[in-house]
Amino acid sequence: MKILSSYSIKGGVGKTALAVNLAFALREAGLRTLLLDLDPQGAASFYFRVDSAEKFRMRDTLSLVEGLRRNIRESDFPGLDIIPSNLGYRHFDILLDGMGKRRKQLRRVLEEFKPDYDVILMDCPPNITLLSENVFRASDAILVPVIPTVLSQRTLEQLSGFFREEDLSCDMLRPFFSMVQKRNKMHREIMADLPVSHPGFLKTVIPFSADVEKMGLHRMPLLAYSHTSEAARAYRALCDEILSLTGK
Ligand SMILES: Nc1ncnc2c1ncn2[C@@H]1O[C@H](COP(=O)(O)OP(=O)(O)O)[C@@H](O)[C@H]1O
Ligand SMILES: [Mg+2]
């Protein structure tokens, strides 16, 4: 079982758009996929038309596994399940803080789902907390959308700096360019420079596209209503690239 996460310190960069479309593409590739919506805002859950998760007690690893299991929902697409978000997740940090081996708890919890899924994909909130540290240590690859702007470049440097300080393997960091406008000169320049200092950069680029924004109206992944658009093809190509790196 592979564990992937869609993560950035920055909000509004395309984490949720990646999570919902990658989850759909993984399932199209025949992998039993579980999408875990860790963002209390619940955008991924909204796109898949599932209600918020029920509240559950999160006292220890066992109660966390049971609570998450109880909240697994089938999506409209067989082979793709979702654990929706819950406002209670904002207490995740407090919970993890109270558990031993704090930074590795989530990996242990997710391993319990191994018999049922080939991939778990987490859509993360934009911050660095104990939960994000758990996500980093649980993930086989951390997918980081980067809009080619100066500020996004800076947040990527901050994230790699954090990884070095905490002795986390930078190899797991897999940035990719998101919301790219080819006609924008700054986008082109940053795209030429940034991958030189970040060797883990994925080659597939997600273009800026109004088709992606329409997910809010359709309430389903772009891949479910637009097979051939440029952005849909890009998400599929990104899925293939990720699978070729992490193995099926
Ligand atoms: N490739 C894209 N092209 C155009 N709009 C996009 C694209 N990716 C995301 N968006 C839009 O940008 C906004 C933020 O995207 P989202 O995935 O929710 O970001 P995050 O999860 O990082 O906060 C949403 O309104 C979304 O529809
Ligand atoms: Mg989001």
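Atoms within a ligand are numbered from 1 in the order they appear, just like the ligands themselves. All residue numbers refer to positions in the sequence shown, counting from 1. Only heavy atoms go into these numbers, but all of them, side chains included; no hydrogens, no water, no symmetry mates.
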(request) With sequence neighbours excluded, tell me which residues meet salt bridge (charged side-chain N to carboxylate O under 4.0 Å, His left out) with D116. (result) R69
(request) Check salt bridge (charged side-chain N to carboxylate O under 4.0 Å, His left out) between K182 and all other residues, then give those that pass, not counting sequence neighbours. (result) E230
(message) With rounding to the nearest 0.5 angstrom, report the OG1 to CG distance, T33 to L26.
(response) 4.5 Å
(request) Answer yes or no for S6: is there an N/O/S atom below the 2.8 Å cut-off from the Mg ion (ligand 2)? (result) no
(request) Evaluate the ring planes of F136 and F163, with Trp represented by its six-membered ring, and classify them as parallel (under 30°), tilted (30 to 60°) or perpendicular (over 60°). (result) tilted
(request) For residues R137 and L168, determine if any side-chain heavy atom of one lies less than 4.5 Å from a side-chain heavy atom of the other. (result) yes
(message) I'd like the residue list for ligand 1, meaning every protein residue with a non-hydrogen atom under 4.0 Å from the ligand.
(response) G11, G12, V13, G14, K15, T16, A17, M179, I206, P207, F208, S209, V212, E213
(request) Quick one: list whatever passes side-chain contact (heavy atoms from CB on, under 4.5 Å) with S229, sequence neighbours left out. (result) D211, L222, S226, A231, A232
